[in-house]
Structure formats: C-alpha cells, structure tokens
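Note that this is a predicted model, so its numbers are computed, not measured.
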Amino acid sequence: MSRDDPNLDNVLRPRPNRPTTADAIQRITNGHAKGNTTTLEITGSSSRAGTPLPEDAPPSAKSISSARKHARATAKKRLFHTINYTPRTSHFDPKSEYRDFRGFFVLFWMGLAIMVTTTAIKNIKETGYPLRVQVYELLSRNVVSLAIADGLMVGSIGVSLYLHRLFRSSNGILRWGKAGIWIQSIYQAIWLFIWVEWPFVLEWTWTAQVFFALHTLTFLMKMHSYAFYNGHLSETERRLRALDRPEPGASLHKAVIYPSSPARLRELDQASDSDEKSQEKQLREEIEELRTNLATELTSPMGNITYPQNLTVYNFADYILCPTLCYELEYPRTDHIRWLEVFYKTLAVFGCIFLMTVVSEEFITPILVDATIRIKQAESISDKSLVLAESISVMLFPFMLEFLLTFLVIWEYALGAFAELSCFADRHFYSDWWNCEDWLEFSREWNVPVYNFLKRHVYFSTKYYTSDGIAMALTFLISSLGHELIMGCISKKLRGYGMFAMMLQLPLVAIQRSKYVRGRWVLNNAFFWGSIISGISAIASLYVLV
C-alpha cells in the first residue's frame with residue numbers, strides 16, 4: 001500500500017508500544033557508541049520522563065534529572081510482580097515489635113453485641129420481652145436515697161480541710177505532730193463506720209451497697225492522702241520557720257528520707273558524723289542544705305504552688321474531681337475539655353453497666369439460684385461439693401466477662417471521663433496487666449491509683465520502721481481487708497474467702513519467682529489467667545452458696 005493512498009488513514013493500526021527500560025538502555029548504549037546521543041534524546045525516550053531540560057538549566061536540576069534517569073534505567077522489570085522477601089517475625093511472635101491489636105478490641109465489642117442480640121431473641125421467644133427485669137429492678141431501687149447519701153458522704157470529707165487549717169494555726173497540743181494526727185485518724189475511723197453501716201440500716205439492695213461501698217473506700221483513701229500529706233507539709237513548714245532562729249539541739253535530720261530499714265538510717269547518721277570539717281562550718285552547711293530541702297518539699301514539682309497556698313476550697317474540690325487517690329499540690333493539666341470525648345466515655349460507662357447487667361441476669365443469677373436450691377436439697381457433703389464445683393465451672397466464662405467489663409468501666413471510661421472533665425493530663429490508670437507473670441506484678445499494673453496510694457501511705461510509711469517483707473505483707477493485708485469489705489457488702493456475709501485469696505498471692509509470688517519457674521513467661525501468664533478466672537468464680541460461689 002502506497003503512502004499516497006487516500007484510504008491509508010482509515011486503516012486500523014495497533015497503538016505503538018511504550019519503550020521499555022531495556023529499550024531505553026539499548027538506545028543510550030547505541031547512542032554512546034555512535035557518539036551522537038543528546039540529553040534531549042534520552043529524556044524523550046520515555047513518556048514518563050517529563051519535560052526535557054533546557055540547555056541552560058542549572059547544574060542542580062541536571063543532577064536531579066540524571067539521578068532519576070539512572071534510577072529508571074537500572075530498575076528491574078519483570079512480567080510477574082516481585083515479592084520482597086526479608087527476615088521478619090509474625091505479629092504474635094514474642095520478639096515482634098508490633099503492638100497494635102485494636103482489631104481484637106473491636107472484635108470483643110462485636111462479640112458482646114452478638115451475645116446481647118442472641119439473648120434478646122431467646123428471651124422474646126420464651127417470655128415475649130427482649131430482656132429480663134430482675135436485675136434492672138434491683139438497679140432502679142434506692143436511686144434517690146443513694147444519690148443523697150453519696151453526696152453527703154463526699155461532702156463530709158471536706159471536714160479534713162478545716163481540721164487541717166486548725167492544726168496548722170495551732171502552736172500547742174493541736175498541731176499535726178502531736179494531737180492533730182490522732183484527731184484526724186479518729187475522725188476517719190468514725191466516718192468509715194458510719195458510711196459502711198448506712199446501707200445496712202436503710203436495707204439497700206446489694207447493687208446499691210456495692211457501689212456505695214466502693215465509693216466510700218475511694219473517698220476514704222482520698223481523705224487520708226489529703227490529710228496526711230498536708231500534715232507532713234505543716235510540720236515541714238514549722239521546721240523551715242524554726243531555722244530562721246535555730247536553737248541549740250534542734251533537729252537537723254533530712255526533710256524527706258525513705259531508708260531501706262532503721263539500720264540504713266543509722267548508717268546515714270554515722271556518715272554525717274564522720275565529716276572532718278569544723279563543727280561550726282558543718283552546722284552552717286547543714287542548716288543551709290536543710291533549708292533548701294524543706295523549701296523544695298513545700299513547693300510542687302511543677303513550681304507553681306507552695307504550701308499553704310493550696311489550702312483553699314477550690315483546690316480541695318478540684319482534688320475531689322481528679323481521678324487520683326494521692327494528693328499533690330498540683331497536677332499536669334490539659335489545655336481544654338474535649339466534650340465529645342466526655343460524651344463518648346459517659347456513654348461507654350452506661351453501656352458497660354448494661355452489658356454487665358445482661359451477663360449477670362442471663363448467665364450468673366439463674367445458676368446461683370438453681371445451685372442454692374440444689375445445695376439445700378443435697379444430703380451428703382459430696383453432693384453439695386459436686387453442686388458447688390459445677391456452679392463454679394459453669395460461671396467461669398460469665399465472670400471472666402464481668403471482670404473485663406469491670407476493668408473497662410472503671411479504669412478506662414469512668415476515670416477517663418473524670419480526667420477529661422478535670423483536665424487531668426496523667427491518664428496512666430493501668431499498665432499491660434494482661435501480660436503479668438505473677439500477682440505482685442499484677443498488683444502494680446492492674447490498678448495504678450490504688451497501687452500508688454498503698455505504696456506511698458502504707459508501704460513506705462511501714463518500711464520506715466520495719467523490713468521490706470513486713471511492709472509488703474501489711475500492704476497486702478490492708479488491701480485484702482478492703483476486698484473483704486466489698487464482698488461482705490455484696491453477700492451480707494463475712495466469711496474471709498476474699499481475704500484468704502488475697503493473702504494467698506504472697507506464697508504464689510514466691511513460687512513463681514523461684515528458680516524452677518522464673519522466666520517461663522507462657523507458663524506463668526497462663527497460671528495467672530487461670531487463677532484469676534477460676535478464683536473470681538470460686539469466691540463468688542462460696543459467698544453465695546456457703
């Protein structure tokens with residue numbers, strides 16, 4: 001066919017192929033061999049190259065263009081997609097650095113939604129209603145009296161503010177170091193007795209009692225921390241003022257000291273006595289150092305508030321709202337309140353309570369009611385033991401859900417909502433307790449606010465006078481008494497099962513940290529999860545059935 005043929009334009013031709021990298025390399029090579037290759041020819045060899053560079057382009061632009069052309073020329077092109085294989089671990093491997101498992105969190109909530117949906121369908125089939133109403137009737141009772149009593153209980157701890165003002169202004173027997181600490185302690189004991197007995201006097205339901213008991217213990221710890229920390233600061237202020245006119249024989253011991261034991265304290269005193277400096281010069285240096293330490297103790301770590309500037313109603317009310325049990329002069333703050341976040345967390349609190357109610361209504365209460373009847377009808381101890389063992393095994397999974405929901409509703413959502421409302425910036429309410437190897441690690445990471453309180457006001461206060469082992473045992477004892485009080489409010493029985501289970505953690509920790517078990521993470525973590533799931537179910541069954 002001739003080029004002059006008029007029908008030439010009507011002939012369908014295949015679209016010309018885009019030059020490959022290999023073609024470009026071949027063309028460049030041939031061009032160099034012929035000695036007539038130009039920049040324009042190379043850049044124009046591919047439609048991906050972009051606009052050709054002008055002759056007067058700056059050297060930097062030519063360098064970038066040359067680098068891009070070299071990268072395109074050396075790229076390997078294959079017909080099949082190349083897979084980049086490299087040494088890597090799986091996401092669940094212990095050596096993996098991957099930490100994002102939010103998808104399982106979503107799956108957890110979807111599983112609960114499926115459980116609620118299937119439960120509602122079953123209830124509609126059996127009763128004509130999607131939900132049973134027994135537990136909801138318990139929750140709806142005593143609401144007004146509970147709200148009034150809770151408000152009075154929270155307001156009554158404000159007496160500590162005015163008591164402390166009295167202790168600080170007194171120079172006689174009422175100062176904190178003399179009678180003040182005893183007056184505060186007696187007030188706390190009377191306060192605790194009144195508010196623990198209050199639900200029993202009014203004959204509240206167990207749901208109202210357990211909420212009120214938890215709230216009462218929370219504010220007992222808040223009041224104790226506020227009073228004793230400010231009491232410490234009041235005595236520190238007195239010592240600082242006394243240094244303005246130091247008297248012979250005045251105490252010059254350090255402002256804050258947490259020795260390992262009384263023996264360690266004596267070692268520190270002996271070390272200071274062995275100083276070879278002159279006594280007069282040493283005395284001046286010690287007074288100046290002590291003055292600096294005392295002034296530092298009276299000032300917040302952030303440096304904005306100094307005692308007694310904090311003794312105001314506003315500061316006390318702010319402390320009440322902050323999700324912490326340890327009082328400080330000030331806390332780190334966020335810039336503003338995210339009201340949408342407050343709404344989400346508040347909604348999540350009620351959502352978790354709803355789910356806990358469904359689990360209790362459908363999977364726990366019927367089993368306990370049936371087991372109670374069967375135990376009364378059983379004649380032999382073996383039959384009663386079989387009923388108890390069966391109820392414990394059947395309720396393992398429901399109580400595991402209740403345990404996880406309790407964790408979420410308190411430490412993630414409720415405390416998170418109060419942190420947002422008070423602009424409290426430290427949201428470290430828990431650590432990765434689900435990876436614990438022993439119970440001592442769990443006690444540190446499961447409930448960080450309570451752990452900090454016990455560490456400051458029980459462990460260190462006791463450790464000053466005794467050994468580490470006694471201080472730790474006393475800390476666990478006080479924690480177990482609190483748990484026993486909660487179980488007594490729920491079941492209206494004092495059996496000691498919860499207290500025994502808490503104290504049992506100490507020998508279990510010793511076993512798990514022995515040379516035969518220590519370091520076996522999978523074994524220890526599996527033992528931790530198995531004991532916590534079976535322990536909760538067993539304790540609940542024992543309190544109700546025995």
Side-chain angles (χ1 to χ4, degrees), residues 160-161 164-172 174-178 180-181 184 224-312 314-316 318-319 322 324-333 425-426 452-453 455-465 471:
S160 297
L161 170 61
H164 182 74
R165 287 179 176 178
L166 175 63
F167 302 151
R168 179 178 175 271
S169 62
S170 175
N171 293 320
L174 291 179
R175 57 180 286 188
W176 176 261
K178 294 183 178 180
I181 187 172
Q184 177 66 37
H224 180 89
S225 183
Y226 180 86
F228 277 72
Y229 185 59
N230 278 298
H232 161 74
L233 294 181
S234 69
E235 293 299 311
T236 303
E237 184 191 26
R238 290 179 187 275
R239 292 188 61 196
L240 181 61
R241 289 178 179 178
L243 291 179
D244 294 338
R245 294 185 301 274
E247 299 178 356
S251 174
L252 296 179
H253 64 81
K254 294 183 181 297
V256 179
I257 185 168
Y258 289 121
S260 302
S261 63
R264 173 59 179 161
L265 181 60
R266 290 192 293 270
E267 290 175 7
L268 294 175
D269 292 338
Q270 293 172 1
S272 61
D273 293 339
S274 63
D275 197 345
E276 297 179 356
K277 297 180 180 179
S278 64
Q279 293 184 356
E280 184 178 353
K281 184 178 181 181
Q282 180 183 358
L283 180 61
R284 288 198 304 267
E285 291 179 354
E286 287 181 355
I287 291 176
E288 188 61 32
E289 181 183 2
L290 179 59
R291 183 180 287 112
T292 302
N293 292 337
L294 291 173
T296 303
E297 187 73 6
L298 292 172
T299 305
S300 69
M302 302 174 66
N304 298 320
I305 297 179
T306 301
Y307 179 88
Q309 295 175 342
N310 61 306
L311 298 180
T312 62
Y314 175 81
N315 179 273
F316 183 81
D318 177 74
Y319 167 62
C322 288
T324 179
L325 301 176
C326 292
Y327 179 76
E328 291 289 347
L329 295 176
E330 63 175 331
Y331 303 99
R333 303 288 184 165
D426 189 355
N452 289 334
F453 175 86
K455 183 180 180 181
R456 175 202 264 189
H457 294 286
V458 179
Y459 177 73
F460 275 131
S461 299
T462 309
K463 185 181 176 182
Y464 188 84
Y465 303 101

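- Looking at heavy atoms from C-beta onward, F460 lies in side-chain contact with K455 at the 4.5 angstrom threshold.
- Here the straight-line distance linking atom NE2 of H232 with atom CD of E237 works out to 12.0 Å at 0.5 Å rounding.
- Here H224 contributes atom NE2 and C326 contributes atom SG; the two are 9.5 Å apart, rounded to the nearest 0.5 Å.
- Under the side chain to side chain contact (heavy atoms under 4.5 Å, CB included) test applied with Y327, the options F316, Y229, F228 reduce to a single match, Y229.
- A salt bridge is defined here as a Lys NZ or Arg NE, NH1 or NH2 lying under 4.0 Å from an Asp or Glu carboxylate O, and D426 with R333 fails to meet this definition.
- The CD atom of E297 lies 11.0 Å from the CG atom of L290; values are rounded to the nearest 0.5 Å.
- The shortest heavy-atom contact between R165 and T312 is NH2-CA, 3.7 Å.
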Determine, stepwise, if the pair E235 / R175 fulfils side chain to side chain contact (heavy atoms under 4.5 Å, CB included).
-> CA-CA 8 Å; E235 293 299 311; R175 57 180 286 188; 2.6 Å; yes
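- Rounded to the nearest 0.5 Å, atoms CG (N452) and OG1 (T324) are 7.0 Å apart.
- Looking at every heavy atom in both residues, E330 comes nearest to N304 through OE2-N, 3.0 Å.
- Contact of the S160 side chain with the Q184 side chain is registered, since non-hydrogen atoms from C-beta on lie closer than 4.5 Å.
- Contact record, T299 with L329: C-CD1, 3.8 Å, taken as the closest heavy-atom pair.
- By the 30° and 60° cut-offs, the orientation of the rings of H164 relative to F167 is perpendicular.
- Taking the side chain as every heavy atom from C-beta outward, Y319 and S225 approach each other to under 4.5 Å.
- To the nearest 0.5 Å, atom OH of residue Y226 and atom CG of residue L311 are 5.0 Å apart.
- In this structure, S170 contributes its side chain and L166 its backbone to no donor-acceptor pair below 3.5 Å.
- When all heavy atoms of L298 and L233 are compared, the closest pair comes out as CD2-O, 3.4 Å.
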Given N230 and N310, is the side chain to side chain contact (heavy atoms under 4.5 Å, CB included) satisfied, shown in steps?
-> CA-CA 9 Å; N230 278 298; N310 61 306; 2.9 Å; yes
Assess whether side chain to side chain contact (heavy atoms under 4.5 Å, CB included) is satisfied between N171 and R238, documenting all intermediate values.
-> CA-CA 9 Å; N171 293 320; R238 290 179 187 275; 3.1 Å; yes
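- Rounding to the nearest 0.5 angstrom, the gap separating the CD atom in E328 from the CD1 atom in I305 is 11.0 Å.
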Can S300 and Y307 be said to form a side chain to side chain contact (heavy atoms under 4.5 Å, CB included), step by step?
-> CA-CA 8 Å; S300 69; Y307 179 88; over 6 Å; no
